[in-house]
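Before any comments, here is the structure.
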Amino acid sequence: MSTMDNKEPLVSIVTPCYNSARYIQGCIESVLAQDYPRIEHIVQDGGSTDGTIEILRQYDGRIDWISEPDEGQADGLNRALQRSKGEIILVLNADDELLPGAVSWAVENMACYPDAAVVYGDLLFMGENGEDLGMFLGPDPYDFKKVLCVEQVPPAQAAFIRRTHFEQVGLYADKSLVTCPDYEMWIRIGMRFPMKHIPGFLARYRLHPGSGGRQIEEIPKMYQTKRMVMDRVFDDPETPLEIRKLRKRAYAGVASWTADTLLSIGYRWKAFQYALKGYLVMPGKYQAWVLRRYMLLLLPRPVRRWVGRQALKIFGRIPYGAE
């Protein structure tokens, strides 16, 4: 009998953390509040000095936590994964929270799609103090090529992984990576197995100055790391030819993703530079449109508004970036 045939498979929620005192309690409470009976919450602390450990001690016997020095984000995640025992695994960051019923949803839907290595849903965004900031719908339908090219981004906090499939490609996070271990995991798993999106809000992802993709010094590292993971795939002679042919598209995709990420935190000039990288590696109609959008954003606001008014008169619409 497959482990997934168990009516109540064990679910591992793995949470790497470091100096997360402000948010870790909300994360833990969201897991403890789940209505599913078989959950282990694995918390891997990197040696926090801000009061995180004191908070973790309050949950002795209710969560499985360890505090020890690690080599960074990917190493902490890998240590947590190695400690997990569940047939289903979810990575939940210390500043994020599960919504009620998320784990029951995962168990039910993974049973419905036994061939899928990953079943994922949707996210709600929240601010530093828990305020509502909108939503993120998981890509539907899932397309591995688009994930590889960073044209789709599965929401990690709403993505439940089937252990049996994960083990077949290596159940680990690549601790050699500076950042983005989740991207590497999605590529490694996606090269072998399908994933499935099912609508449903499962978690709240917190946007704050310290969260992933919100720190200006981290974003270029994310770009370089994704490029390195791509090159591993494209340089591997065992990679199917149809995938290896995507190199330029992938380079353009990660450059555009980086530009959008930089723009979201207000760095218009740096965003334009990455948009230009994307255009230069793969000139085309879409990349030219992206480049024009960023060129508009570099203009002073009064000029952008004037361009918008003129475009509305001529074309009946205002181009994105000229609002």
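Just so you know, these numbers come straight off a predicted model, no measurement behind them.
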Next item on the list: For salt bridge (Lys or Arg N to Asp or Glu O under 4.0 Å), just list the numbers for Arg247 and Asp235, CA-CA rounded to whole Å, side-chain angles, deciding distance to a tenth of an Å, and then say yes or no.
Entry: CA-CA 10 Å; Arg247 188 187 294 262; Asp235 294 340; 2.7 Å; yes

Next item on the list: Could you go through the side-chain contact (heavy atoms from CB on, under 4.5 Å) check for Arg232 and Asp174 one step at a time?
Entry: CA-CA 13 Å; Arg232 289 180 185 175; Asp174 186 347; 2.6 Å; yes

Note to self: Test salt bridge (Lys or Arg N to Asp or Glu O under 4.0 Å) on Glu40 and Arg83; report intermediate values, then the result.
What the structure shows: CA-CA 10 Å; Glu40 61 170 10; Arg83 292 168 52 210; over 6 Å; no

Margin query: Please determine whether side-chain contact (heavy atoms from CB on, under 4.5 Å) holds for the pair Leu99 and Arg204, giving the CA-CA distance in whole Å, both sets of side-chain angles, and the decisive distance to 0.1 Å.
Written below: CA-CA 7 Å; Leu99 290 171; Arg204 302 179 77 206; 3.5 Å; yes

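In summary, the aromatic rings of Tyr205 and Phe136 are positioned with their centroids too far apart to meet the 6.0 Å limit. Centroid-to-centroid, the aromatic rings of Phe272 and Trp269 come within less than 6.0 Å.
At distances below 3.5 Å, not a single donor-acceptor pair connects side-chain atoms of Asp140 with backbone N or O atoms of Ile198. With hydrogens and angles disregarded, no donor-acceptor distance shorter than 3.5 Å links the side chain of Arg244 to the backbone of Phe234. The backbone N or O of Ser30 lies less than 3.5 Å from a partner atom in the side chain of Gln34, making a donor-acceptor pair.
Within the 4.5 Å cutoff, no side-chain heavy atoms of Trp257 are placed close to those of Glu151. At a threshold of 4.5 Å between non-hydrogen side-chain atoms, the residues Asp182 and Cys180 count as touching. Under the 4.5 Å side-chain criterion, counting only non-hydrogen atoms from C-beta, Leu177 is in contact with Val229. Contact annotation: the side chain of Leu77 never approaches that of Tyr172 to less than 4.5 Å [non-hydrogen atoms, C-beta and beyond].
Here Arg79 contributes atom CZ and Asp70 contributes atom CG; the two are 5.5 Å apart, rounded to the nearest 0.5 Å. Distance check: Gln58 CD to Gln25 CD gives 5.5 Å after rounding to the nearest 0.5 Å. Annotation: the span from Thr225 atom OG1 to Glu218 atom CD amounts to 9.0 Å, rounded to 0.5 Å.
By the neighbour-count criterion of 12 heavy atoms within 6.0 Å, atom OH of Tyr267 is sparsely surrounded, having that number or fewer from other residues, nucleotides or ligands.
The side chain to side chain contact (heavy atoms under 4.5 Å, CB included) with Cys27 is formed by just one residue from the set Asp96, Leu92, Asp95; it is Leu92.
Shortest non-hydrogen contact noted between Gly138 and Asp122 is N-OD1, 2.7 Å.
In the model, Glu68 has a side-chain atom that pairs as donor or acceptor with a side-chain atom of Gln44 under 3.5 Å. For Tyr251 and Asp231, the side-chain atoms include at least one donor-acceptor pair closer than 3.5 Å.
Salt bridge annotation for Lys85-Asp64: absent, with no cationic side-chain nitrogen under 4.0 angstrom from a carboxylate oxygen.
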